There are 2 protein chains.
Amino acid sequence: MSAASTPSPSSPSGVRPATTGRGRPPKLDQARTVEVALALLDEVGLDALTMRRLAEAMDVRAGALYRYFATKHELLTAMAEVLLADCLDRPFRSPDWSERVAELARRMRTALLGHRDGARVYAGTHATGAHTLGFADALIGVLREAGFTADHAGRAALTVVHFTLGHTLEEQAARQGVDAGPADPERLRAAVAPGQYPHLTAALPVLTSTDFTAHFEFGLGLLLQGLRALGPGTAPPGTGG
Amino acid sequence: MSAASTPSPSSPSGVRPATTGRGRPPKLDQARTVEVALALLDEVGLDALTMRRLAEAMDVRAGALYRYFATKHELLTAMAEVLLADCLDRPFRSPDWSERVAELARRMRTALLGHRDGARVYAGTHATGAHTLGFADALIGVLREAGFTADHAGRAALTVVHFTLGHTLEEQAARQGVDAGPADPERLRAAVAPGQYPHLTAALPVLTSTDFTAHFEFGLGLLLQGLRALGPGTAPPGTGG
DNA sequence: ACCTGAACACCGTTCAAGT
DNA sequence: ACCTGAACACCGTTCAAGT
């Protein structure tokens, strides 16, 4: 229901939100709550982001939050929406459609990486606010303007988004071992040690590399190569030949 | 730490697990706990899968589970591992490497779809058991045997897995609206209605289609096309031409 | 060795009552 | 209109004590 994304371009810093004039100004509002929630997310991580802790950070009791968000999930959805806020705030650097698709995918990854557990927050919700819809529209738009049918453009956009989400989810999980145990590379190396899994062993150097940007660019490259092969204005591809 | 994946091929049905001979046979064991947990997952979903409810289903107090799993996360990891159990239990149907990669990706999707919230369970953990490692080894193996370097094979495998995970995550979320509200297609259609987002609007029919297999095959097709273009034994690709 | 009982320190959410 | 206080119905996890 709620858009909850207007970043209040009103005044320089820490001023109270404007009131209609009557009564005390409210201590809470949707936009500020989402901002504090994102700051808290960075501090404590998604698993420790509770309504009670957020309320404490806003100097309020937990129950008060429910005047602005019906459920915690709705708050998380508003947070997910804000995550993508900066994806469309600057022009493309290239006129080439495939470079533009790549740029949008990179911006999405960067946006999700911008907050601790950002990918998990995004994956766990289904935001339908202006930033999410605007991003999807831009991505599909680049493809349609390149000559792809709405059908192909839509499916390709889904593919790019799903790959980016899956990649970033794993990237953030790996960047600081899911709990606090040994980081992912170490665990994988240890598990593979026994001598089985010859192919896995051969690929261990890449798989345990922490150059996540290189991984992302490789996958993105495959996708774009596939799109170029498909070509604007062609019949739908099967998975064969 | 725990592999927890041996599916006990011992006896026909519902028999008590064997004991060393001394004392009462334990009511619990890792393999059976994971199986009951997966059954409960299908019944109630991940959000309602609690240690207490699982204990109840096993006719035991919650504390007893902690003799077999140090944390709930460790149980979820064991569950994730079992999810992939059936991915390698049959031979490939085609000798073509790209068809084999596709088949492995399809098997992974099918495995995750096999249990309610399966993709969320898998994404939330980092299983390093025999099924997960075996699957990765098989996928990388197909690519290496096709002539790809270990480097390319490793990166390509990551790409396929991340896309499959991202896709299936969204598919399962869409298949039964994250909470219970209107299913995803309806919400998207409603959000886009206003008339903005021309490209999104043009693509609405595809985006709201529930033929998830078609979406998956399209994305997989792009990836495989990219891989074929890269070709076994070629230099690493950039994202540009 | 394996499980129970009972507790500890929390959760999300609701809602009368205050101001 | 907006927030507090207090409760309801839970959580994951620990650990002495029983058998």
Side-chain angles (χ1 to χ4, degrees), chain A residues 1-2 4 16-34 36-37 40-41 43-79 121 124-125 178-181, chain B residues 1-2 4 16-34 36-37 40-41 43-79 121 124-125 178-181:
Chain A
M1 310 296 174
S2 50
R16 274 284 137 72
T19 338
T20 45
R22 289 190 162 279
R24 280 184 300 282
K27 300 171 75 173
L28 259 37
D29 69 278
Q30 281 199 96
R32 225 181 71 79
T33 303
V34 169
V36 174
L40 188 57
L41 178 67
E43 263 183 60
V44 302
L46 182 57
D47 293 332
L49 178 69
T50 67
M51 296 301 266
R52 287 164 194 268
R53 241 193 270 251
L54 174 58
E56 194 182 14
M58 304 201 71
D59 202 38
V60 114
R61 308 294 149 185
L65 295 170
Y66 289 85
R67 189 162 299 273
Y68 299 92
F69 302 94
T71 61
K72 183 183 183 181
H73 189 262
E74 200 173 280
L75 167 66
L76 288 168
T77 302
M79 291 168 66
V121 169
T125 59
V178 168
D179 267 333
Chain B
M1 306 294 176
S2 51
R16 273 285 136 73
T19 339
T20 44
R22 291 191 160 279
R24 280 183 299 282
K27 299 172 77 173
L28 259 36
D29 68 277
Q30 282 198 97
R32 225 182 72 80
T33 303
V34 169
V36 175
L40 187 57
L41 178 66
E43 262 182 60
V44 303
L46 181 56
D47 293 333
L49 179 70
T50 66
M51 295 301 266
R52 287 165 194 267
R53 241 192 269 251
L54 174 58
E56 194 182 14
M58 304 201 71
D59 202 39
V60 113
R61 308 294 150 187
L65 295 170
Y66 289 85
R67 189 163 300 272
Y68 300 91
F69 302 94
T71 60
K72 183 182 183 182
H73 188 262
E74 200 173 279
L75 167 66
L76 288 168
T77 302
M79 291 167 67
V121 169
T125 59
V178 168
D179 269 331

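Here is the naming used below: chain letters follow the sequence lines, and residue numbers restart at 1 for every chain. For the numbers below, each heavy atom of this structure counts, side chains included, while hydrogens, waters and symmetry mates do not. Just so it is clear, the structure is predicted and the values come from calculations on it, not from any experiment.
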The residue, A:G63 or A:A48, whose nearest nucleotide of DNA chain C is more 5′ is A:A48
How long is the line joining CG of A:D29 and C1' of D:dC2, in whole Å?
13 Å
Which heavy-atom pair separates A:F69 from A:L75 by the least distance, and what is that distance?
CD2-CA, 3.7 Å
Using OP1 and OP2 only, check whether a side-chain N or O of B:R53 sits under 4.0 Å from D:dC10.
no
What's the CZ-P distance between B:F69 and D:dT14, to the nearest Å?
15 Å
If D:dT19 has a Watson-Crick or G-U wobble mate with both distances under 3.5 Å, name it; if not, just say none.
C:dA1
For D:dC3, does either OP1 or OP2 sit under 4.0 Å from a side-chain N or O belonging to A:Y68?
yes
A:R52 has its side chain closest, among D:dC11, D:dC3, C:dC11, to C:dC11
With a 4.0 Å limit, can you tell me whether B:R61 has a side-chain N or O closer than that to the phosphate oxygens OP1/OP2 of C:dG5?
yes
Taking atom P in both C:dA9 and D:dA9, what distance in whole Å separates the two?
23 Å
From C-beta outward on A:Y66, which listed nucleotide comes closest to its side chain: C:dG12, C:dC3, D:dT4?
C:dG12
Whole angstrom value for the distance that separates P of C:dT13 from CG of A:L54:
12 Å
Atom CE of A:M51 and atom P of D:dC11 are separated, to the nearest Å, by 19 Å
Can you give me the closest heavy-atom contact between B:L49 and B:M79, atom names plus distance?
CD2-CE, 3.7 Å
Search all heavy atoms of A:A48 against all heavy atoms of A:V44 and return the closest pair with its distance.
CB-O, 3.6 Å
Euclidean distance for C1', D:dC10 against C:dC8 (whole angstrom)
15 Å
Hey, does B:R67 reach any base, or is it just sugar-phosphate, or nothing, if we go heavy atoms under 4.0 Å?
base
Where the side chain of A:V60 is concerned, which of D:dT13, C:dC3, D:dT4 is the nearest nucleotide?
D:dT4
Return the value, rounded to whole Å, for the distance between atom NE2 of B:H73 and atom C1' of D:dC11.
17 Å
Quickly work out the A:E56 CD to C:dC11 P distance and round it to whole Å.
9 Å
Nearest non-hydrogen partners of B:A57 and B:V36, listed with the distance
CB-CG1, 4.0 Å
Whole angstrom value for the distance that separates C1' of C:dC10 from CG of A:L49
15 Å
Any sub-3.5 Å donor-acceptor pair from A:K27's side-chain atoms to A:M58's backbone N or O?
no
Return the value, rounded to whole Å, for the distance between atom CG of B:L65 and atom C1' of D:dC15.
15 Å
So, does A:K72 get its side chain near the phosphate of C:dC11, meaning an N or O under 4.0 Å from OP1 or OP2?
no
Applying the Watson-Crick and G-U wobble criteria at under 3.5 Å, what pairs with C:dA6? Answer none if nothing qualifies.
D:dT14
So, do A:Q30 and A:T33 sit near enough that their side-chain heavy atoms are less than 4.5 Å apart?
no
